[in-house]
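Quick caveat, the model's predicted, so the values are computed rather than measured.
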Amino acid sequence: MSDLNLQDKEVNRVARVLEKLALHYPRAGTSLNYRSPYELLVATVLSAQTTDEQVNKITAAFFQAVPTVQELAGREPSALEPYLKSCGLYRHKSRYLVAAARIIVERHGGEVPVDWDQLRALPGVGRKTANIIVSEAFGQPAIAVDTHVFRVSRRLGLAR
């Protein structure tokens, strides 16, 4: 069998798996509560080592106190800690959020960047966070891959 035939079969198999996933999970998406790319960025950074349910509890009060990226950029990380204390790694996350907000204000005119590489350049933003933001907030095709998604994808033969 030629490599081309093997590739075609693999592409067809992956397409069938994706069709089945879309059928069974038509409204798949994040369970994080957000109203803007800024809020999704904050919620996603906070979600590391914390459940989405806990993040939603935290962000309800956080977004009332810090409603915009400009407001966040003007804060000191220690001022955020009382809001984030029930979140794992809250001291690190408060530093990441303030640093990211300052970059967004200074380099991106106060708008969360749409570009994946620009998102990845922000403190606290890894591959998964960038993929969540570009797919959820900006409707670009991207898959957020955590340990569980990777393990299942390997078992289905979608990834090595």
Side-chain angles (χ1 to χ4, degrees), residues 17-18 21-22 24-156 158-160:
V17 169
L18 293 175
L21 287 171
H24 290 287
Y25 303 100
R27 289 183 278 292
T30 184
S31 58
L32 295 171
N33 296 333
Y34 70 95
R35 296 171 302 210
S36 68
Y38 158 69
E39 289 187 0
L40 182 59
L41 171 67
V42 170
T44 307
V45 168
L46 294 178
S47 71
Q49 305 296 314
T50 306
T51 65
D52 288 356
E53 181 181 350
Q54 184 61 28
V55 171
N56 288 336
K57 290 177 187 175
I58 292 166
T59 55
F62 183 87
F63 293 139
Q64 286 186 340
V66 191
T68 66
V69 70
Q70 291 82 0
E71 177 76 25
L72 180 57
R75 296 285 181 106
E76 290 300 319
S78 60
L80 304 179
E81 291 177 7
Y83 298 100
L84 308 182
K85 206 164 196 145
S86 62
C87 177
L89 307 170
Y90 70 96
R91 286 191 178 101
H92 292 290
K93 292 175 185 179
S94 63
R95 288 193 295 267
Y96 293 148
L97 289 172
V98 170
R102 289 176 180 165
I103 291 169
I104 290 168
V105 168
E106 293 169 9
R107 297 184 195 160
H108 303 289
E111 299 292 328
V112 174
V114 177
D115 181 77
W116 190 87
D117 290 320
Q118 291 176 344
L119 283 166
R120 283 281 291 120
L122 297 173
V125 176
R127 297 178 64 87
K128 179 182 169 189
T129 297
N131 283 335
I132 290 170
I133 294 167
V134 299
S135 67
E136 291 285 327
F138 300 119
Q140 295 180 8
I143 298 175
V145 178
D146 64 7
T147 310
H148 310 292
V149 170
F150 182 70
R151 186 179 69 243
V152 170
S153 296
R154 270 200 350 242
R155 286 185 180 172
L156 291 173
L158 300 174
R160 291 186 187 93

Quick one, [X] and [Y] - any side-chain contact, counting heavy atoms below 4.5 Å?
{"X": "Tyr34", "Y": "Val55", "answer": "no"}
{"X": "Tyr83", "Y": "Leu46", "answer": "no"}
{"X": "Asn56", "Y": "Leu32", "answer": "yes"}
{"X": "Leu80", "Y": "Leu72", "answer": "yes"}
{"X": "Val125", "Y": "Tyr96", "answer": "no"}

Got a second to check how far [X]'s [atom1] is from [Y]'s [atom2], nearest 0.5 Å?
{"X": "Ile133", "Y": "Tyr38", "atom1": "CD1", "atom2": "OH", "answer": "12.5 Å"}
{"X": "Lys85", "Y": "Ser94", "atom1": "NZ", "atom2": "OG", "answer": "11.0 Å"}
{"X": "Arg95", "Y": "Glu76", "atom1": "CZ", "atom2": "CD", "answer": "12.0 Å"}
{"X": "Gln140", "Y": "Asp115", "atom1": "CD", "atom2": "CG", "answer": "8.0 Å"}
{"X": "Ile58", "Y": "Phe63", "atom1": "CD1", "atom2": "CZ", "answer": "10.5 Å"}
{"X": "Ile132", "Y": "Leu119", "atom1": "CD1", "atom2": "CG", "answer": "11.5 Å"}

Closest non-hydrogen atom pair, [X] against [Y]:
{"X": "Pro113", "Y": "Phe138", "answer": "O-CE1, 3.5 Å"}
{"X": "Pro123", "Y": "Ile103", "answer": "CD-CD1, 3.6 Å"}
{"X": "Ser86", "Y": "Gln54", "answer": "OG-NE2, 2.9 Å"}
{"X": "Gln70", "Y": "Gly110", "answer": "NE2-CA, 3.7 Å"}
{"X": "Val45", "Y": "Gly124", "answer": "CG2-O, 3.8 Å"}
{"X": "Ala73", "Y": "Arg102", "answer": "O-NE, 2.8 Å"}

For the pair [X] (side chain) and [Y] (backbone), establish whether a donor and an acceptor sit closer than 3.5 Å, ignoring hydrogens and angles.
{"X": "Ser47", "Y": "Asp52", "answer": "no"}
{"X": "Asn33", "Y": "Thr59", "answer": "no"}
{"X": "Lys93", "Y": "Gly88", "answer": "yes"}
{"X": "Glu39", "Y": "Arg35", "answer": "yes"}
{"X": "Lys128", "Y": "Ala48", "answer": "no"}
{"X": "Glu136", "Y": "Leu40", "answer": "no"}

Working for side chain to side chain contact (heavy atoms under 4.5 Å, CB included), residues Leu84 and Leu97: CA-CA 11 Å; Leu84 308 182; Leu97 289 172; 4.3 Å; yes
Within a 6.0 Å radius of atom [atom1] on [X], are there more than 12 heavy atoms belonging to other residues, nucleotides or ligands?
{"X": "His92", "atom1": "NE2", "result": "no"}
{"X": "Glu111", "atom1": "CD", "result": "no"}
{"X": "Gln49", "atom1": "CD", "result": "no"}

Practice task
Report the C-alpha distance between Leu41 and Ile104 in whole Å, list the side-chain angles of each, state the deciding distance to 0.1 Å, and finish with yes or no for side chain to side chain contact (heavy atoms under 4.5 Å, CB included).
Solution key: CA-CA 11 Å; Leu41 171 67; Ile104 290 168; 3.6 Å; yes
